[in-house]
Each structure stands twice: as C-alpha cells, then as structure tokens.
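Count residues from 1 along the sequence.
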Amino acid sequence: MPEIVLTVARYGFLVLLWIFVFTVVGVIRRDLFSGSRTSRLVAAPRGVGVPSGQGRPAKVKRGRAAHNLIVTEGALAGTRLTLGEQAISIGRAEDSTLVITDDYASARHARLVPRNGQWFVEDLGSTNGTYLDRTKVTAPTPVPLGVPIRIGRTSIELRP
C-alpha cells in the first residue's frame, strides 16, 4: 500500500478520534450544567384547576378540583406543590417550577398547563418521554385526578 494512503488514513483516524473526544466532553458538560443536582420547588399562587377524563373534555365537577400536585415516587416523594393559574414546568433546569433530579429527566421535560378549567400535560421534546399512567404523552393531554404522570423514576399526581 502506498505510504501516502497510510499517512492520510492515520491523520483521518486521528481527526475522527478528536471529534469523538470533543463530542463526549460537550455532552458531559451540557448534562452537568443544564440542570441542578439540588431540589428546588417554587409554589404558584393558589388557584383552581379541574381535571378531565382521558382523551375527552370533562365537565367541571364542583368539589373535585385539583389544588395540589404531589410527588408520589422518586427523590422528592411526598413533596406537595400548590396549583395556581400558571403553567408548571418540570425538569432538571434551575428555572423549572418543579426541579427533579431524576437521571432520566430532561432539562425541560414536561409542562402542566391549565386550560378552560382543566389541567393538560405536554411533553417538551424530552429524550425519555412523559407518561400519563402507562400511555406516552405525544400531544397536550387532559390529566384526571389521581392518575400518575411518570417522568423517569419520578411520579406525580394531581390531587384535590
């Protein structure tokens, strides 16, 4: 084999190796600095949110409104967040309303949004997905009371 081919192959391999190293360092850096490893909660003003049945609009039921968001499984199990009129962002990013330290959560993983007296969960393009009970959330989906929303190992529910 001509010596020029071997030299080009060696330098090409070296360039690919350095591209790989820089890519790995970038991913690790982004993972370490995009979200905090500490837990932080910010409570929204108290308001009313009403859940709905799965997949269809629900009628407003008096006395059965969601007032709290409770973490039922995961590192923050037992944590209660009072619901208000504002959207709740969930993820590892410091500016999220509910900061979770789950390794399977994205920096900006999901969002709970009140619309017309109902709470809807939206996946924000997360890597591992958001699940309502056992169904993967692909579009804004109404959240009934007591049905778990799963983000990695963390599970949250709307409660009265």
Side-chain angles (χ1 to χ4, degrees), residues 1-45 47 49 51 54-55 66 68-115 118-144 146-159:
M1 193 180 292
E3 191 169 324
I4 187 77
V5 173
L6 281 173
T7 304
V8 169
R10 285 181 186 155
Y11 284 115
F13 179 72
L14 190 60
V15 167
L16 286 175
L17 182 65
W18 278 108
I19 290 172
F20 175 74
V21 168
F22 284 125
T23 303
V24 168
V25 168
V27 167
I28 291 171
R29 183 172 173 248
R30 191 170 37 243
D31 189 44
L32 288 175
F33 297 114
S34 69
S36 171
R37 296 290 171 196
T38 61
S39 301
R40 178 179 65 90
L41 290 176
V42 178
Q54 229 168 339
N68 296 295
L69 178 70
I70 298 177
V71 180
T72 56
E73 292 178 30
L76 296 174
T79 302
R80 180 181 304 257
L81 183 66
T82 303
L83 298 175
E85 305 265 337
Q86 302 169 345
I88 296 172
S89 58
I90 304 168
R92 290 185 307 163
E94 273 293 315
D95 61 346
S96 296
T97 309
L98 177 61
V99 178
I100 56 177
T101 57
D102 196 315
D103 290 336
Y104 297 101
S106 299
R108 284 168 182 66
H109 196 98
R111 176 174 46 212
L112 280 168
V113 181
R115 289 188 199 146
Q118 301 175 35
W119 284 92
F120 287 79
V121 64
E122 301 176 43
D123 185 81
L124 300 176
S126 64
T127 304
N128 295 313
T130 303
Y131 293 84
L132 183 61
D133 200 10
R134 294 182 191 156
T135 308
K136 189 169 185 175
V137 175
T138 56
T141 307
V143 181
V147 175
I149 300 168
R150 291 201 170 277
I151 297 173
R153 294 183 188 130
T154 304
S155 182
I156 58 178
E157 293 180 9
L158 293 178
R159 300 264 176 91

> In Å, rounded to the nearest 0.5 Å, how long is the span from CD1 of I100 to CD1 of I151?
Replying inline: 4.5 Å
>> Looking at R92 and A105, would you say the former's side chain and the latter's main chain have a donor-acceptor pair under 3.5 Å?
In response: yes
> So, for W119 and G84, which heavy atoms are closest and what is the spacing to 0.1 Å?
Replying inline: CZ2-O, 3.2 Å
>> Under the rule for side chain to side chain donor-acceptor pair (under 3.5 Å), what residues qualify as partners of S106, not counting sequence neighbours?
In response: none
> Closest heavy-atom contact between Y131 and R134?
Replying inline: CD2-O, 4.1 Å
> Does T23 use its side chain to pair, donor to acceptor, with the backbone of I19 at less than 3.5 Å?
Replying inline: yes
> What is the minimum heavy-atom distance between A87 and T97, and which atoms define it?
Replying inline: O-OG1, 4.1 Å
> So which heavy atom on A75 is nearest to which on T101, and how close?
Replying inline: CB-OG1, 3.8 Å
>> As an exercise, state the distance from CZ of R159 to CG of L81, rounded to the nearest 0.5 Å.
In response: 13.5 Å
>> Distance check, rounded to the nearest 0.5 Å: N68 atom CG versus T82 atom OG1?
In response: 5.0 Å
> Taking side chain as C-beta onward, heavy atoms only, is P148 less than 4.5 Å from E73?
Replying inline: no
> Within the distance-only criterion (no hydrogens, no angle test), does the side chain of D102 pair as donor or acceptor with the backbone N or O of T154 below 3.5 angstrom?
Replying inline: yes
> Quick one: does S126's side chain have a donor or acceptor within less than 3.5 Å of a partner on L124's backbone?
Replying inline: no
> Side chains of I156 and L98: does their closest heavy-atom pair fall under 4.5 Å?
Replying inline: yes
> Side chain of D133, backbone of V147: donor and acceptor closer than 3.5 Å?
Replying inline: no
>> For the NE2 atom of H109 and the CD1 atom of I90, what is their distance to the nearest 0.5 Å?
In response: 8.5 Å
> For the residue pair S89 and S96, what are the closest heavy atoms and their distance?
Replying inline: OG-CA, 3.3 Å
> Between OG1 of T130 and NZ of K136, what distance do you get to the nearest 0.5 Å?
Replying inline: 8.5 Å
>> If I compare all heavy atoms of L69 with all of L112, which pair ends up nearest, and what's the gap?
In response: CD1-CD1, 3.7 Å
>> Can you confirm whether L83 sits close enough to I88 that some side-chain heavy atom of one is under 4.5 Å from a side-chain heavy atom of the other?
In response: yes
> About how many Å separate CZ of R108 and CG of D95, when rounded to the nearest 0.5 Å?
Replying inline: 4.0 Å
